[in-house]
Amino acid sequence: MLDIRLLREQTDDVKAQLGRAGVEPAAVDAVLAYDEQRRTLLKEVEALKATRNAVSKEIGKMKDAAARDTKIAEMRGVGDRIAELDRQVAQVEEQQRMAILELRNLPHPSVPDGPDEDHNVVIAQEGQPRAFDFTPKPHWELGEQLGIIDFERGVKISGSRFYVLKGLGAKLQRAVIQWLLDLHGRQGYTEVYTPFVVKEETVWASGQLPKFRDNLYRDVEDDLWLVPTAEVPVTSLHRDEIIDAAQLPLHYCAYTPCFRREKMSAGRDVRGIKRGHQFDKVEMYKFVHPDTSYAELEKLRADAEECCRLLGIPFRTKALCTGDLGFAATKTYDVEMWAPGQSEWLEVSSCSNVEAFQARRANARFRPEPGARPEFVHTLNGSGLGMPRTIIAIMENYQQANGSIAVPEVLRPYMGGIDVIG
RNA sequence: GGGGAGGUCGCAUAGUGGCCUAGUGCGCGGCACUGGAAAUGCCGUAGGGGGGCAACCUCCUCGUGGGUUCAAAUCCCACCCUCCCCGCCA
């Protein structure tokens, strides 16, 4: 959520910045119109309430019954008017809230312009794609041949876009998760284990609602939502809290499964395990002082890149352009691993600064100085890493001529010493 | 799931329709006293919204949301959460 004061005071600037991401200026004007209405109504109703409060106090002290009854009758009318105005205020406030919640975050000035993902800018690339003396296979072939991915039974159990990992495939994923969590611990992140189903307000706080309603699974009975990313529960860790400034920055990492209906991506990436309704992810998340959030973004990106580097897989990093930037983000780096089997760069991490966008929704604040007014923190999130794609990259990069898969060095301790699958 | 108790300022508690502009103690901050400290005394200690150049004025919040009333922490309704007992059960 954007700051209503910013919209009021720097209207043209906000419109210009939103315009870079394709948002019509009218969307801003709509919010401001509601805001204007709201403040007009507030002035009137509050004056009436002040009167009523004062007169009610007098009534309590009055001895003269007749004068008293006159005042009571008078206040009855005022009360009716207040009730009517309160209704209007509530309605306008709700309309304003909905309108402002639909507004995306402002792109940072350093974000390149561009209409879509083809205009993202590669800013770093590391590791040489391996030279194969045989034709590398895509992971779905390797997985079936080795008996570590079972697509058919996944579909039997839960339908399309579900799969089963089996034997060393399941163990490999568990090893990667474990290794990543340990690595992030060394990088200074505190591991948290959160609920995987959350209340509706938790999904609002991180910005997935109202925009992505169709992409979420939900239990109607208890109104609990399955998390689409750890970002959702972790954002709400400090919801409605005022954090001691000395505690910042707070760095968390969390493993969760992620559940996505993928209604918007129907038909894309149907082959293999790249895009499923359920996948595992280790997420990094930061609550930081606003002055430091862009420096923290660079560190976040470096931490994600380190994961790829240590796994020994070629990767590149892109700065997303305005047209590809997510709803909540001011600036985003995507980290992609090379998958030689399907000849594709796979997004394994997306590192974003969202500034106060989520913090404002979540009401997560800090006190800059003792006694000072609380301010919103800045939050950042980045995968470290997304599971199925990391697994794909490992399988395809480490495959051998005989169809077996070597286990990356760093994972071997987590695989009980197993150094090859197959 | 059934029964009971309870949710008030950072913590603990008082408050059963107008004297609540929510009191008191503790904690915290400042000042005074002191060679310095302890003790003591004084002052201050929530968040948000609106108005105003400002000083300041004002509205809302006593778990949440409704309702009754001129007036609600206080009365009524619904819901949420915590604790205890019983039942069931990974």
Side-chain angles (χ1 to χ4, degrees), chain A residues 1-9 11 31-101 193-205 218-225 233 236-248 257 287 356-377:
Chain A
M1 182 164 64
L2 292 172
D3 185 355
I4 183 66
R5 286 201 186 88
L6 187 72
L7 264 63
R8 254 185 234 154
E9 288 159 19
T11 311
V31 175
L32 288 175
Y34 288 130
D35 183 53
E36 191 62 43
Q37 255 189 74
R38 169 178 151 270
R39 286 186 293 152
T40 305
L41 288 167
L42 272 184
K43 260 185 259 184
E44 191 183 347
V45 73
E46 285 183 6
L48 289 173
K49 282 181 180 175
T51 306
R52 182 175 68 180
N53 287 346
V55 174
S56 290
K57 200 160 286 180
E58 282 173 39
I59 290 173
K61 291 173 185 151
M62 286 170 83
K63 298 279 180 264
D64 182 346
R68 193 186 151 102
D69 288 345
T70 311
K71 284 286 184 195
I72 289 177
E74 203 177 301
M75 284 307 105
R76 207 168 278 152
V78 172
D80 291 344
R81 180 72 185 142
I82 288 172
E84 170 55 27
L85 287 170
D86 270 345
R87 262 192 297 278
Q88 291 181 31
V89 169
Q91 194 193 333
V92 171
E93 263 175 1
E94 183 60 13
Q95 287 170 322
Q96 183 195 317
R97 197 178 81 91
M98 285 306 158
I100 201 169
L101 283 173
Y193 169 86
T194 69
F196 300 160
V197 291
V198 298
K199 296 197 279 190
E200 179 171 334
E201 52 186 306
T202 302
V203 192
W204 282 96
R218 173 190 174 202
D219 168 52
V220 181
E221 200 106 76
D222 292 323
D223 197 23
L224 286 172
W225 301 64
S236 281
L237 266 185
H238 296 290
R239 174 148 49 94
D240 295 321
E241 288 185 17
I242 298 173
I243 302 165
D244 192 357
Q247 292 196 325
L248 295 177
F287 296 83
F357 196 79
Q358 287 176 336
R360 195 170 289 112
R361 288 174 170 234
N363 194 27
R365 295 171 292 174
F366 75 105
R367 205 179 293 281
E369 302 286 336
R373 262 185 148 227
E375 276 178 43
F376 293 111
V377 295

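The chains referred to below are lettered A, B, ... by the order of the sequence lines, with proteins before strands, and numbering in each begins at 1. A quick note: this is a predicted structure, and the numbers were derived from the prediction, not measured.
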Write down the distance separating the P atoms in B:U64 and B:U74, rounded off to the nearest Å.
-> 11 Å

For the pair A:Arg81 and A:Glu84, find out whether any cationic side-chain nitrogen is under 4.0 Å from an anionic carboxylate oxygen.
-> no

Across all strands, who's sitting opposite B:U82 as a Watson-Crick or G-U wobble pair, both distances under 3.5 Å?
-> B:A5

With sugar-phosphate meaning primed atoms plus P, OP1 and OP2, does A:Arg373 contact a base, only sugar-phosphate, or nothing at under 4.0 Å between heavy atoms?
-> sugar-phosphate

Under 4.0 angstrom, heavy atoms only, what part of the nucleic acid is A:Leu42 near: base, sugar-phosphate, or nothing?
-> sugar-phosphate

Does OP1 or OP2 of B:A71 have a side-chain N or O of A:Arg52 closer than 4.0 Å?
-> yes

Sugar-phosphate only, base, or nothing, as touched by A:Arg87 at under 4.0 Å among non-hydrogen atoms = nothing

Closest to the A:Lys43 side chain: B:G51, B:G48, B:C70?
-> B:G51

Determine the Euclidean distance between corresponding P atoms of B:G10 and B:A22; express it in Å to zero decimal places.
-> 14 Å

Tell me the partner of B:C31, counting only Watson-Crick (N1-N3 plus N6-O4 or O6-N4) or G-U wobble (N1-O2 and O6-N3) with both under 3.5 Å; none if nothing fits.
-> B:G41

What's the NZ-P distance between A:Lys57 and B:C19, to the nearest Å?
-> 7 Å

From the candidates B:C70, B:G47, B:C60, the one with an atom nearest any side-chain atom of A:Ile242 is B:G47

Mind calculating the distance between CD (A:Glu46) and P (B:U58) to the nearest angstrom?
-> 12 Å

Base-pairing mate for B:G10 - Watson-Crick or G-U, with both contacts under 3.5 Å | B:C26

If pairing requires Watson-Crick or G-U wobble contacts with both distances under 3.5 Å, which nucleotide is the partner of B:U68?
-> none

Ignoring backbone atoms, establish whether A:Arg367 has a side-chain N or O less than 4.0 Å from OP1 or OP2 of B:G47.
-> yes

What distance, rounded to whole Å, do you find between the two C1' atoms, one in B:C70 and one in B:U82?
-> 37 Å

Distance between the C1' atoms of B:A38 and B:U34, in whole angstroms?
-> 10 Å

Looking at the side chain of A:Ser56, which of B:G49, B:U58, B:G18 is the nearest nucleotide?
-> B:G18

With a 3.5 angstrom cut-off on both distances, give the Watson-Crick or G-U wobble partner of B:A55, or none if there isn't one.
-> none

In whole angstroms, how far is the P atom of B:G50 from the NZ atom of A:Lys49?
-> 14 Å

Distance below 4.0 Å between A:Arg38 side-chain N/O and B:G50 OP1 or OP2 = yes

Could I get the full list of side chain to side chain donor-acceptor pair (under 3.5 Å) partners for A:Arg8, not counting sequence neighbours?
-> A:Asp35

Applying a 3.5 Å limit to both distances, which nucleotide forms a Watson-Crick or G-U wobble pair with B:A46?
-> B:U61

Taking a pair as Watson-Crick or G-U wobble with both distances under 3.5 Å, which nucleotide is matched to B:U16?
-> none

Is it true that A:Lys61 and A:Glu58 make a salt bridge, defined as a side-chain N closer than 4.0 Å to a carboxylate O?
-> no

